[in-house]
Amino acid sequence: MARVVSFWCNFLPRRCAILAATSSFTYVKESRDAFLSLFPHRYDYIYANYPGPEQRPQWQTESRHPLSDRLIRHGNFLYGVRFGAETQYCLLDIDKGSTYHPQYYPHAFARIVEIFEDIGLVSHLICTSSKSGGIHVYFPFEKPYASWQLGHGIIRLLESKGIALKAGQLEVFPNARAYTPQGKLSLFNAHRLPLQQDSYLLNADLEPVWSNEHAFVNHWQHCRDRNVLDTHLLERIVKQHQHRYTYISTKADKFLGDLNAEIETGWTGYGQTNRLLGRIAMRAYIFQHVTHQGDPLVGEALVEAIVKTATSLPGYQEWCRHQHEINDRATEWARCVEASHYFPYGQQRGRYKAKAEVSLDAVDRPNWNHQRAQATQEKIKQAVAILIIKDQFPAKATARFKALLEYGIGGASLYRYRYLWHPENLLESSNSDNVERNVEPVSQTPDLQNTDSRLDCAGGATNAANPTSLLSPIDSNVLAGGFSQDLEPPQIEEAGSNSVESVRDCIRAQLNQVRSQHQQTCDLQYQAHQIHLQQTQQHEVLNRMGEFVRSWDPILMAEAGRWLLALPTAVQQLLERMPDGGDGAELVEGVVIAKQFARLQWSAWRIREVLSEQFQVTSLVELTPSQKQQWLIYLTQQTQDSG
């Protein structure tokens, strides 16, 4: 396989000798069907059964094969098509209940038509979309234009004029298609083909007229000849609204968008030079390195950028009366913005300077709440120690609670830190300490009982249930008489044993360690899933591009060619993923032609026109082996001439 790739990649560009091979499946085209040729993109089409009364079509997408002319002619289903990379028409879908329907709101519809006149689309044709009463408004034009840019520009233009776009009200085709991540291709929205069930041409008074395909084509050609799309205006509109950069803050993005909106309109009258140069200088100084990648502009580089932008804006030649001194004015504004409080985005200066580094001591120092909590715990410990020294520490929880209240400790604090004084908590903590340290309690002889009544409390309550150690050895005072005589066997804490707080800290540390290990495991699983997902998406793109190359469809081959030019190593990957029984020479042949299409940037109509002139055919599939060689030589010459 590697030898085949090496041979063809070196031999084809020099000798243009391509082996003949059978192309992949494509539908049979009716070359003389003027109506169907208006809608050339047939991939990922939609279809639906004819709906019954009071029902809506249930549309489905078919992506396994393109929609053929003959399928449409059979009329077994309702059909709809999408848009390819380029288009020669756009479409408005206005539902019956819309606030823009010309039958009910003629002034609103007239406003939309006036907006389209601003971009050179002065003529349109209208037909009913279905029996629901909605309409489709077509705006055909002569020269093909990028579908995504057309849809994006029209939508932004309508929104800037206050026209609300919403499903069920007003929709634009082609829509503003968003490119999905990882190179996955997204589709334009589909619209149903005209003159199907309950679809008729309408006149200026929205009355149905004689509606056949011949009349539709005549109306279409009449509108197409009158419409001249203003591509420069559309490009400025798109640029004005393409200012969202995910790597800058929301406020900075808003600021950049406002600057673009002011600058890109250019001059519209006299007396605007100072204002425009100031905004241009501000945008170049603050954001040029972000939008164009590079170092922040200063000095002469900033002046040059200001002049270049200003002289390229609309209205500069007609309205700017400072053209003879534009460099001097740009220099003044560059010095002015450099001396202002503005600075290149990402630099920390002025009142936006970076925060001073915080010392480690300040980080480790407990906050006010923590200090209050520690002070309260110390207060409880001291009160308990004093009661023990005075032999007044009760055995029962209620008695201890009341005794501690006398030392100015609140009830809420005692409940919060009950492990410092409550009999049950102290007993559990002592037992848990022994378990952690594996220390067996030291037992007294069975006949020794607590007969000392000095530690008994009011009400005759005995002190027999007291544990041997109330506080840790560091914080407590040793009783004068040694161990208190309890019914429970005394427990001796070893030197350096853990207090209640230390045991709890140890448990927290272990839990944090388990939690950290679990998080690491989840992160590794997520990374493995992302890698698998990325590989799957890459395989899908490779399969799709391979289908594009083998389709011999000019639009799809041009799109695959652009992808191949961006990824030179993709040819080898396509060959490795070629289906069993596939011809590697055929695939390489398609790759070479696809790259030439991408370099020439010809539309499908241009390719068909050249094929018709050179070989009297309208499809690449119809070329003979010798004609394919002549075709590739012709493409190579055209590429060299354009380069």
Side-chain angles (χ1 to χ4, degrees), residues 8 12-13 15-43 65-70 72 81 83-89 140-147 217 220-221 224 545-565 583 585-643:
W8 283 105
L12 282 176
R15 303 294 181 88
C16 299
I18 305 175
L19 295 179
T22 304
S23 63
S24 59
F25 169 77
T26 183
Y27 65 89
V28 178
K29 299 180 181 180
E30 305 295 343
S31 58
R32 296 184 179 182
D33 197 322
F35 174 74
L36 294 182
S37 64
L38 300 178
F39 309 98
H41 187 77
R42 305 292 181 80
Y43 287 87
H65 59 83
L67 174 63
S68 68
D69 296 349
R70 296 183 179 182
I72 300 175
V81 296
F83 290 83
E86 293 181 329
T87 180
Q88 286 183 281
Y89 71 96
F141 44 88
E142 180 67 30
K143 295 183 179 180
Y145 191 65
S147 299
V217 171
W220 183 285
Q221 293 175 348
R224 182 188 61 189
M545 290 303 169
E547 294 175 0
F548 284 5
V549 171
R550 292 187 293 269
S551 69
W552 292 96
D553 181 271
I555 297 176
L556 298 181
M557 293 186 73
E559 188 166 353
R562 289 189 289 270
W563 179 76
L564 290 166
L565 290 177
D583 190 347
E586 175 191 354
L587 180 61
V588 175
E589 175 186 3
V591 166
V592 175
I593 295 178
K595 288 182 178 180
Q596 296 289 8
F597 284 166
R599 294 189 181 100
L600 291 172
Q601 298 182 356
W602 283 358
S603 65
W605 293 270
R606 172 62 174 163
I607 294 174
R608 294 190 184 100
E609 181 181 357
V610 175
L611 285 173
S612 179
E613 293 176 356
Q614 297 288 335
F615 308 107
Q616 289 74 48
V617 297
T618 58
S619 174
L620 295 172
V621 181
E622 303 175 23
L623 294 177
T624 64
S626 60
Q627 288 176 338
K628 288 182 179 180
Q629 296 179 11
Q630 298 175 14
W631 173 248
L632 187 55
I633 294 173
Y634 177 78
L635 292 179
T636 305
Q637 293 175 350
Q638 293 297 319
T639 303
Q640 295 174 353
D641 294 341
S642 62

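Note that this is a predicted model, so its numbers are computed, not measured. Excluded from the calculations below are hydrogen atoms, water molecules and symmetry mates; all remaining heavy atoms, backbone and side chain alike, are included.
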Looking at Q601, I'd like to know if its CD atom is crowded, meaning that more than 12 non-hydrogen atoms belonging to other residues, nucleotides or ligands lie closer than 6.0 Å.
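Open: at most 12 neighbouring heavy atoms sit under 6.0 Å from CD of Q601.
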With rounding to the nearest 0.5 angstrom, report the [atom1] to [atom2] distance, [X] to [Y].
X: L36; Y: D69; atom1: CG; atom2: CG; value: 4.5 Å
X: E559; Y: E86; atom1: CD; atom2: CD; value: 11.0 Å
X: M557; Y: L564; atom1: CE; atom2: CG; value: 9.5 Å
X: L67; Y: I72; atom1: CG; atom2: CD1; value: 4.0 Å
X: Y89; Y: L38; atom1: OH; atom2: CG; value: 9.0 Å
X: K143; Y: R224; atom1: NZ; atom2: CZ; value: 13.5 Å

Excluding sequence neighbours, so at least two apart, what forms side-chain contact (heavy atoms from CB on, under 4.5 Å) with A560?
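With sequence neighbours excluded, A560 shows a side-chain contact (heavy atoms from CB on, under 4.5 Å) to M545, F548, V549, given in chain and number order.
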Under the rule for side-chain contact (heavy atoms from CB on, under 4.5 Å), what residues qualify as partners of L611, not counting sequence neighbours?
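Listed in chain order: I607, F615, V617, L620, L623, W631.
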Quick check: closest heavy atoms across [X] and [Y], and the distance to 0.1 Å?
X: V81; Y: F39; result: CG2-CB, 4.2 Å
X: L600; Y: L635; result: CD1-CD2, 3.6 Å
X: A598; Y: A558; result: CB-O, 3.8 Å
X: G84; Y: S147; result: O-OG, 2.8 Å

Aromatic rings H41 and Y43: how do their planes relate, parallel, tilted or perpendicular, breaks at 30° and 60°?
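Because their plane-to-plane angle lies in the 30° to 60° range, the rings of H41 and Y43 count as tilted.
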Short side-chain to backbone donor-acceptor contact, S612 and R608, under 3.5 Å:
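No, the answer is negative, given that no donor and acceptor are paired below the 3.5 Å cut-off.
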